[in-house]
A.B. asks: 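Pasting in a structure now, in structure tokens, and then I'll have a few things to ask.
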Amino acid sequence: MAKQNVRRLLEELHASLSKTENPDAELRALLKQLEDDIHQLLINNPENTASPASMLTEQLRALGTRFANDHPQLDPILRELADTLGKMGI
């Protein structure tokens, strides 16, 4: 169920990004890397340890804060994604 929620949130993130006027290359690259990292973690099913997985949750929160002014529609999705991954132990 949690993995389905992560996938749904990633789809929402893509949909929201596609509606964004003139998203810059940096934002697109960061979100693509983030998505790749999440998919990799979901495939590997990491243990609950302080690892790149826990850093991913912090990265999501930082991205939300960083782009909140220019792309406010992305912030709530990124925060929910971070919370969902945190609840999964990631």
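Predicted, not measured: the structure shown is a model, and the values here were computed from it.
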A.B. asks: Would you please name every residue forming a salt bridge (Lys or Arg N to Asp or Glu O under 4.0 Å) with Asp37, sequence neighbours left out?
C.D. replies: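 With neighbours one apart ignored, the set is empty.
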A.B. asks: Looking at CG of Leu10 and CD1 of Ile77, how far apart are the two atoms once the value is rounded to the nearest 0.5 Å?
C.D. replies: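 So the gap between those two atoms works out to 10.0 Å.
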A.B. asks: Excluding sequence neighbours, so at least two apart, what forms side chain to side chain contact (heavy atoms under 4.5 Å, CB included) with Arg7?
C.D. replies: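 Arg7 satisfies side chain to side chain contact (heavy atoms under 4.5 Å, CB included) with Lys3 once adjacent residues are dropped.
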A.B. asks: Nearest 0.5 angstrom please: Thr65 OG1 to Leu60 CG, how far?
C.D. replies: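 It is 11.0 Å, given to the nearest 0.5 Å.
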A.B. asks: Side-chain contact test, heavy atoms from C-beta onward, threshold under 4.5 Å: evaluate it for Leu34 versus Leu30 and give yes or no.
C.D. replies: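 A side-chain contact under 4.5 Å is absent here.
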A.B. asks: Supply the atom-to-atom distance Gln33 CD to Gln59 CD, rounded to the nearest 0.5 angstrom.
C.D. replies: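 Rounded to the nearest 0.5 Å, the CD-CD separation comes to 7.5 Å.
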A.B. asks: With sequence neighbours excluded, tell me which residues meet side chain to side chain donor-acceptor pair (under 3.5 Å) with Glu35.
C.D. replies: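 Side chain to side chain donor-acceptor pair (under 3.5 Å) check on Glu35 returns His14, His39.
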A.B. asks: Please enumerate all residues that pass side chain to side chain contact (heavy atoms under 4.5 Å, CB included) together with Gln73, with sequence neighbours excluded.
C.D. replies: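 Ser16, Thr20, His71.
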A.B. asks: Check this for me: does any side-chain nitrogen of one of Lys32 and Asp36 sit under 4.0 Å from a carboxylate oxygen of the other?
C.D. replies: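 Salt bridge flag = yes for Asp36 with Lys32.
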A.B. asks: To the nearest 0.5 Å, what is the distance between CG on Leu63 and CD on Glu58?
C.D. replies: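 Those atoms lie 11.5 Å apart.
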A.B. asks: What residues, two or more places apart in sequence or in another chain, satisfy side chain to side chain donor-acceptor pair (under 3.5 Å) together with Arg8?
C.D. replies: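 Side chain to side chain donor-acceptor pair (under 3.5 Å) check on Arg8 returns Asn5, Glu12, Glu80.
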A.B. asks: According to side chain to side chain donor-acceptor pair (under 3.5 Å), who are the partners of Asn69, at least two apart in sequence or on a separate chain?
C.D. replies: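 Not a single residue meets the side chain to side chain donor-acceptor pair (under 3.5 Å) criterion with Asn69.
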